[in-house]
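Everything on this sheet refers to the single structure shown next.
Just so it is clear, the values below take in all heavy atoms, side chains as well, and ignore hydrogens, waters and symmetry mates. Predicted, not measured: the structure shown is a model, and the values here were computed from it.
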Amino acid sequence: MRVNIIVFGILKDFFSSGVELEINESDTILQVINQLRDFKKESADVLSRCRFAVHENFIDKDYLLKNGETIFIIPPSSGG
Amino acid sequence: MEKPYLSYLPRVADDIKFITEYPIDMISLLQEIKDPKAGGIVLFSGEVRNHSHSKDVAYLEYEAYIPMAEKIIKNILKEAVESFNLHKAICVHRIGKIEIGESAVAVLTASSHREESYKANRYIIDRVKHEAPIWKKEFFTDGTSEWGHNCKCNHH
């Protein structure tokens, strides 16, 4: 199944504004992080400090993804 | 023109906006925060300064995950109003390109006595900087640029 990834801030340097990923049934956010990290090794440090959101709510890393869902990856804030 | 900002008031509509792409109008905000019950009003403005990391800054750009930033800021203001017994609280964060000397974020608090306004204001800006999904990119005069990283915590 496929999921859409939207990224912000420094992650745009690695993944533009987003990517589409092919994942397996019963995959969680953890598998998504691994795929992204394998794709861009330099993103590992930031990815380890990110929050994740689906449908405008934060989700845990064990959140079970559904086909066609859009995951927003939120790096540490730097507003203000 | 429609107001590019709105405040959190104890009774507030759900469609209010805390993120704006327009310059922040401090005079209007000061008018808006005024309340006959308030003996103290505090205004904090987070300004774009001309230096960072020992380099000269040309300008900043901010981006936000707007729907969640709106939700989070609204919640922070709501909690501040309740915790500090405020009469009003306002927070507006600007996104897009912001020049030196312009305001990137404004927080205004109004309470019966000054102590609560000071404390709540600090509480609000600290939480907004830490929790709201908003990101800063610094553009330096030497042509380089860097994403901001003022939040160093590891628990996100």
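Listed by sequence position, Tyr62(B), Glu63(B), Ala64(B), Tyr65(B), Pro67(B) are the residues of residues 46-67 of chain B in contact with chain A, using a 4.5 angstrom heavy-atom cutoff.
In this structure, chain A has a heavy atom under 4.5 Å from the side chain of Trp147(B), while its backbone stays farther away. With a 4.5 Å cut-off on non-hydrogen atoms, Phe58(A) touches chain B through its backbone and its side chain both.
More than 12 heavy atoms of other residues, nucleotides or ligands lie within 6.0 Å of CD in Glu22(A), so this atom counts as buried by the packing criterion.
The distance from atom CD1 of Ile6(A) to atom CD1 of Ile74(A), rounded to the nearest 0.5 Å, is 11.5 Å. The structure places CG of Asp13(A) at 5.0 Å from NZ of Lys137(B), a figure rounded to the nearest 0.5 Å. Here the straight-line distance linking atom NZ of Lys37(B) with atom OG of Ser112(B) works out to 8.0 Å at 0.5 Å rounding. The distance from the OG atom of Ser43(A) to the CD1 atom of Ile10(A) is 10.0 Å, given to the nearest 0.5 Å. Taking CZ of Phe18(B) as the start and CD1 of Ile72(B) as the end, the distance is 12.0 Å to the nearest 0.5 Å.
A single hydrophobic cluster is not seen to contain both Phe72(A) and Leu64(A); linkage of ILVMFWY side chains at heavy-atom distances under 4.5 Å, directly or through other members, places them apart.
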